[in-house]
Amino acid sequence: MSISPLMPVYPRCDIRPVRGEHCHLISEDGSRYLDFAAGIAVNALGHSHPGLIGAIQRQAEMLMHVSNLYGSPQGEALAQRLVDLTFADTVFFTNSGAEAVEAAIKTARIYHQSAGNHERFELITFNNAFHGRTMATISASDQVKMHKGFEPLLTGFRYVGFNDLAGAEAAIGPNTAGFLLEPVQGEGGIRVATPEFMHGLRALADKHGLLLVVDEVQSGIGRTGTFLAHEHFGVTPDIAAIAKGIGGGFPLGACLATEKAARGMTFGTHGSTYGGNPLAMAAGSAVLDVIGNDEFIAEVRAKGERLMARLEQFIGNYPELFEEVRGLGLMIGLKMRVEPRGFVLHLRDKHGLLTVGAGDSTLRLLPPLVIGDAETEEFFEKLSAGAADYQPEES
Ligand SMILES: *Cc1c(COP(=O)(O)O)cnc(C)c1O
């Protein structure tokens, strides 16, 4: 038998973290890494946050799981907090980002079908999008590398260029249900929607009776310096998917919707065994205790601005490596002139700095939202040293 017990869909990696301390990971062999990946925007509070640990411990002792057949004071409380913090009137809890996007897709379809518009099932999505790895969410993306071997895809998605408003308008037809987009594309390379694009999609949705659905699985929960990233644009969606940061490391996601957009999501239309379980609710609630206030989020915005300004200066020293700094808040991309994968490995293996690769030759920086000056200094020391001794051929 040569297949590994762990299904080999991820590369083997020598870094094997066994412990986390604030913004650092410690691996099996004792090496320390500065974590500017944060579980891909999940560990918003860093690692070993006492508030999050305590909330999970207390809830685990009290009640870990009950069926959604029973009433949920914990779920009602967290849903109310999310409603208070966002555009939404109602919340469906999930265990992952892909499930949150799935719930958003279903909410958008049934919105039209419950009103008798059975032909309106198609969502217009945007190139290089990433919405997850389920059949519906890979079908929602035009990225062929995620489709190969899994055809046939689900019908009901139509792809248009990101930030191409004229293309989006031209794609509207009798089958269109709405638009689905990441306000800041993560996996696609930290590409930020233009204000004209966001406002234009909202206006098109209003004109044609369509829904604007945002995938904020990566960009949400304070990451970009507003609670949800769409707030930067002053554009209100009808439906949003969140996950990643909301659990701070505990698997939790949610589909948020306005009352109108959720009109089809009535008794019996959707469900989840684990979605909204008390342990997840305790984790989400502990995360909001820290992040769900204007002061914390304003600080993320200020930290992001300082980091990006310093990165702008820094990349000037290495014009052969870096082309551009882009992003919002602490969702930052360095567009590179070389293949970023090799540089990610170099930073990790030679300098103890964890970052993430992304599409469009971009290196992603997604530090815990709780980074301070000490972590920023350490980051620039490691990044400078890494850029200075990088030979692109080495990988
Ligand atoms: C990570 C991500 C997802 C999928 O989340 P999972 O928890 O891996 O299912 C969906 N959309 C975006 C924008 C993401 O970044």
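On a predicted model such as this, the values are computed, not experimentally measured, just so you know. Counting starts at 1 for both ligands and their atoms, following the listed order.
In summary, the atoms of ligand 1 found under 4.0 Å from a heavy atom of Ser96, numbered by their order in the structure, are 7 (O), 9 (O). Residue Lys244 approaches ligand 1 through these ligand atoms, each under 4.0 Å from one of its heavy atoms: 1 (C), 2 (C), 3 (C), 14 (C), 15 (O). Contact atoms of ligand 1 toward Asp215: 10 (C), 11 (N), 12 (C), 13 (C) (distance under 4.0 Å to a heavy atom of the residue). In the vicinity of Ala98, heavy-atom distances shorter than 4.0 Å reach the ligand 1 atoms 4 (C), 5 (O), 6 (P), 9 (O).
Of the options Arg191, His131, Gln218, a side chain to side chain contact (heavy atoms under 4.5 Å, CB included) to Glu182 is made by His131 and by none of the others.
Checked by distance only, ligand 1 and Glu99 stay at 3.5 Å or farther apart across all their nitrogen or oxygen atoms. Distances between N or O atoms of Phe130 and those of ligand 1 include at least one value under 3.5 Å. Checked by distance only, ligand 1 and Gln218 come closer than 3.5 Å through their nitrogen or oxygen atoms. Here's the thing with Val217: none of its N/O atoms is less than 3.5 angstrom from an N/O atom of ligand 1. Considering both main-chain and side-chain atoms, Gly97 comes within under 3.5 Å of ligand 1 through a nitrogen or oxygen pair.
The residue Ala243 has no part lying near ligand 1, judged by heavy-atom distances below 4.0 Å. Under 4.0 Å from ligand 1, not a single heavy atom of Glu216 appears.
Using a 4.0 Å cutoff on heavy atoms, His131 counts as a contact of ligand 1.
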- request: Evaluate side-chain hydrogen bond (donor to acceptor under 3.5 Å, both in side chains) for Thr134 paired with Glu102, printing each intermediate quantity in order.
  value: CA-CA 8 Å; Thr134 62; Glu102 287 266 353; 2.7 Å; yes

- prompt: Between Phe197 and Phe126, does a ring-ring contact (aromatic ring centres under 6.0 Å, His included) hold up when you go through it step by step?
  reply: CA-CA 12 Å; Phe197 187 56; Phe126 299 93; 5.2 Å; yes

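Inside a 4.0 Å radius of atom 8 (O) of ligand 1 there is not any protein heavy atom.
Within the cation-pi definition used here (under 6.0 Å to the ring centroid, within 45° of the axis), Arg348 does not qualify as a partner of Tyr33.
One distance of note links CG of Leu201 with CG of Asn163; it measures 9.0 Å at 0.5 Å rounding.
Under the 30°/60° scheme for interplanar angles, the aromatic rings of Phe380 and Phe314 are found to stand perpendicular.
For Lys382 and Glu375, the salt-bridge test fails: no basic side-chain N is under 4.0 Å from an acidic carboxylate O.
In the displayed structure, Asp206 atom CG is contacted under 6.0 Å by more than 12 heavy atoms of other residues, nucleotides or ligands.
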